[in-house]
Structures are given as C-alpha cells and as structure tokens.
*Asks:* 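Just passing along the structure, written as structure tokens.
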Amino acid sequence: MVVLANPPVVDQIPLLRSPGPRDSFAAVPVVDLSSPGAARAIVDACERFGFFKVVNHGVAAATMDRAESEAVRFFAQAQADKDRAGPAYPFGYGSKRIGLNGDMGWLEYLLLAVDSALLSDACTVPSAAAFRAALNEYIAAVRKVAVRVLEAMAEGLGIAPVDALSAMVTEQGSDQVFRVNHYPPCPALQGLGCSATGFGEHTDPQLISVLRSNGTSGLQIALRDGAQWVSVPSDRDAFFVNVGDSLQVLTNGRFRSVKHRVVTNSLKSRVSFIYFGGPPLAQRIAPLPELLGEGEESLYREFTWGEYKKAAYKTRLGDNRLAQFEKK
Ligand code: GA4
C-alpha cells in the first residue's frame, strides 16, 4: 500500500499503487464452455488460481447490455434519489461503506437478494420496472452459466451425480446474492501513481462468483498467496468466475478461493455485476467424501453455511475468514 496523505475526496479510502502494463495478467485461463474439454480446463484453473474466464457461454450480448445501461441510468440519478434505495443492509443501495465493520471503498452499489432465478420479492430495490426486468433477465442467464460451470466442475472432479455442486445453489432456500457495483472515476489521484481502492482485497465466502463488467479494467487477483497482484484485462463479452471459500472447503483445499480486489480508474467508470452462488443456510460445508483420498482428513472443522455467513459478517473484508475453521 502507498503511504501518502490522502487528498480529501479519498479520505478514509486506502490507496493502492496504480497498475501498469506490466501488471497485466495475460495468462488468465480461458474456458470455452461449449467445448468438450471445458470440465478439465475448469478443474485445472480452479486448482491453479481459483479463477478463470468463460467464453462461448451462450448469454446474449443484448441481455448484458440492457442490464448495464439500466444500471448506468440508476447510478446517474441524484444522490438523494439513490439514497432512497438504501440502506445496503440487509439489501439495497450503499455507498463507500462495505460490510458492517468499517471497510471503505471508492464505489457505490446495490446489494440484492435472489430467490430461485429472480430478484427476491422481499427485495423491493430497485423499484423501476425496466431496471428490475433487465436484472431479472440477466440473473436468470448468469445463474445458468453458474450451474453449467458447477456441473462441469463435478464432471471434472469425477463426482456423481452431475448436479452434486450445482444443486447447492439451485435448491429451495439457496442463499444467492446479486451485486451491482459502480466505481466512479477518481480524477483527484490522476498522475500521482496511486489509485483509490474500489473494493479491498478479500475472498468470497460462497461457492462460486460469476462476474461481468463493462470495458473498464480494475479487477486484480492475487497470485502466490498474495505475494503478487495482477490485473485482469477487462472483457465485456465474457464472464469471470472465482472459487469461493465454501468450494475450497468442499474440495478440501484442492480448489483455491482466490483473493481479489478492485482498483479504481482515474478516468473511466467501471460497472460490474456479480452473482454469488451460496447454499441454503442449513447446508453442511465439509469435503465431499469422493474427494478425500485414502486416510485423508478434512482440513476444516465442520460448519453450516449459516454459521460461516454469520462469522463472515463479523470480520473485516481482508481477514482470512477460513482460518478460524481450519483444524490446527
Ligand atoms: C464479499 C463477497 C460479496 O460481495 C458479499 C460481501 C459482503 C458485503 O459486502 O456485505 C461482505 C464480504 C462479501 C465478506 C466479509 C463481510 C461480508 C463484507 C464483509 C466485510 C456480499 C459477501 O457475501 O461477502
């Protein structure tokens, strides 16, 4: 982290070194979801990085474009109108504050609940019919991508039935969350060599996260357990998938829950959509027996998703949430 007196506009927001061309992660694994080799390629990427890009996913560009333009229109409203869609917790509009324990980022967002394949009725935000319809169309589509990816993981790992993982995010009561993030540009830092943290480093607690952004870069992932941060070149036509903590546990550490963060651009705004696939609260999270070798034991104490989620909301964003469940 760069130590500087923050210009007033980014007061309380940690700064990061601005990414340069040499930080670009050219070797992002790319999985063609329509190819017969997809299952193997996904398993390989999850073991190496916990992260990959998905192409040939079958989601219409119009579905992504419509959701994006409605989101841009939402965030272009006057602050007072957006604030009426708040607070962010449990669900709604939030700005700069992330979580409940003091984390701050240079962003505004909508945190939304998904029920089955649609925005939950309990979630009245966003209220505009056109935005809701666009998000519902997008959520139904991205959730199908998540299911296909989870099925391919099961196939690649040799787990039966093929929906052993995907059922956890599709069954009744599964805990799915959808997030729309807007990272406005931060011109105050232009030319200073540093950038505002958009979303600080963290791992996702769920099984899987599926992200799509506009053409503005900013997403970074940690390699070598955080020793190096690399920038993921943006691709508005693709989805980016990351392994979450729960899937790391289900695979007894074989898949890696990847640390990631977002760095704000000084000139361009970034808009991203993330679908988080989580299981029902009562789901037991423990290594799948098929994945444990002869005599191999779980690396983790057993817990339910509800217990993990509750513990997660007591942590700071950058904390290692799985540490408290690791067997010593
Ligand atoms: C990270 C992944 C998702 O964005 C999220 C985040 C959640 C929040 O923004 O409220 C958390 C964060 C995320 C992990 C630890 C806790 C909870 C903020 C935070 C400090 C919606 C989620 O499920 O966990």
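In listed order, ligands and their atoms are each counted from 1. The first residue in the sequence is number 1, and the count goes up from there.
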*Asks:* Where does Pro205 meet ligand 1, judged by heavy-atom distances below 4.0 Å: at the side chain, the backbone, both, or neither?
*Replies:* side chain

*Asks:* Can you find an N/O atom of Thr315 closer than 3.5 Å to an N/O atom of ligand 1?
*Replies:*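 Such a contact does not occur with ligand 1.
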
*Asks:* Would you compute the distance between atom CG of Asp163 and atom CD of Glu171 and round it to the nearest 0.5 angstrom?
*Replies:* 9.5 Å

*Asks:* Give me the residue, atom name and distance of the protein heavy atom closest to atom 15 (C) of ligand 1.
*Replies:* Arg321 NH1, 3.4 Å

*Asks:* Near Tyr89, which atoms of ligand 1 are under 4.0 Å from a heavy atom of that residue?
*Replies:* 8 (C), 9 (O), 10 (O)

*Asks:* Which value, rounded to the nearest 0.5 Å, describes the distance between Tyr275 atom OH and Leu112 atom CG?
*Replies:*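 It is 13.5 Å, given to the nearest 0.5 Å.
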
*Asks:* Please work out whether any backbone atom (N, CA, C, O) or any side-chain heavy atom from C-beta onward of Leu111 is under 4.0 Å from ligand 1, and answer side chain, backbone, both or neither.
*Replies:* side chain

*Asks:* When the ring centroid of Tyr138 is compared with that of Phe273, is the distance short of 6.0 Å?
*Replies:* yes

*Asks:* Identify the protein heavy atom lying closest to atom 12 (C) of ligand 1, giving its residue, its atom name and the separation to 0.1 Å.
*Replies:*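 The protein heavy atom lying closest is Leu317 CD1, 3.9 Å.
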
*Asks:* Check Arg179 against ligand 1 and report side chain, backbone, both or neither, counting heavy atoms closer than 4.0 Å.
*Replies:* side chain

*Asks:* Considering only the protein, which heavy-atom contact is closest to atom 18 (C) of ligand 1, and what is its distance?
*Replies:* Gly99 CA, 3.7 Å

*Asks:* Taking atom CD as the centre, does Glu296 end up with more than 12 heavy-atom neighbours from other residues, nucleotides or ligands that are less than 6.0 angstrom away?
*Replies:* yes

*Asks:* Consider only side-chain heavy atoms of I, L, V, M, F, W and Y, link residues closer than 4.5 Å, and tell whether Ile13 and Val262 are in one cluster.
*Replies:*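 No; tracing contacts between hydrophobic side chains, which count when under 4.5 Å, never links both residues.
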
*Asks:* Find out if a path of hydrophobic residues (ILVMFWY) with successive side-chain heavy-atom gaps under 4.5 Å connects Phe199 to Val263.
*Replies:*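 In one cluster with Phe199: Val263, no.
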
*Asks:* To the nearest 0.5 Å, what is the distance between NZ on Lys82 and OG on Ser95?
*Replies:*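 Those atoms lie 7.5 Å apart.
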
*Asks:* Can you tell me which residue and heavy atom of the protein come closest to atom 2 (C) of ligand 1, and the distance to 0.1 Å?
*Replies:* Asp204 OD1, 3.3 Å

*Asks:* Considering distance alone, does some N or O of Tyr313 sit under 3.5 Å from an N or O of ligand 1?
*Replies:*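 N/O-N/O distance under 3.5 Å: yes.
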
*Asks:* For Phe276, take its heavy atoms, then give the atoms of ligand 1 lying under 4.0 Å from any of them.
*Replies:*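 Heavy-atom distances to Phe276 below 4.0 Å select 2 (C), 3 (C), 4 (O).
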
*Asks:* Under 6.0 Å between ring centres, would you say that holds for Phe325 and Phe303?
*Replies:*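 Yes, the ring of Phe325 comes within the 6.0 Å limit of the ring of Phe303, centre to centre.
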
*Asks:* What atoms of ligand 1 come closer than 4.0 angstrom to any heavy atom of Ala312?
*Replies:*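 Reading through ligand 1 atom by atom, the close ones are 15 (C), 16 (C).
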
*Asks:* Flag yes if more than 12 heavy atoms outside Arg97 fall under 6.0 Å of its CZ atom; otherwise flag no.
*Replies:*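 No.
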
*Asks:* Do me a favour and list the nearest non-hydrogen protein atom to atom 22 (C) of ligand 1 with residue, atom name and distance?
*Replies:* Gln206 NE2, 3.8 Å

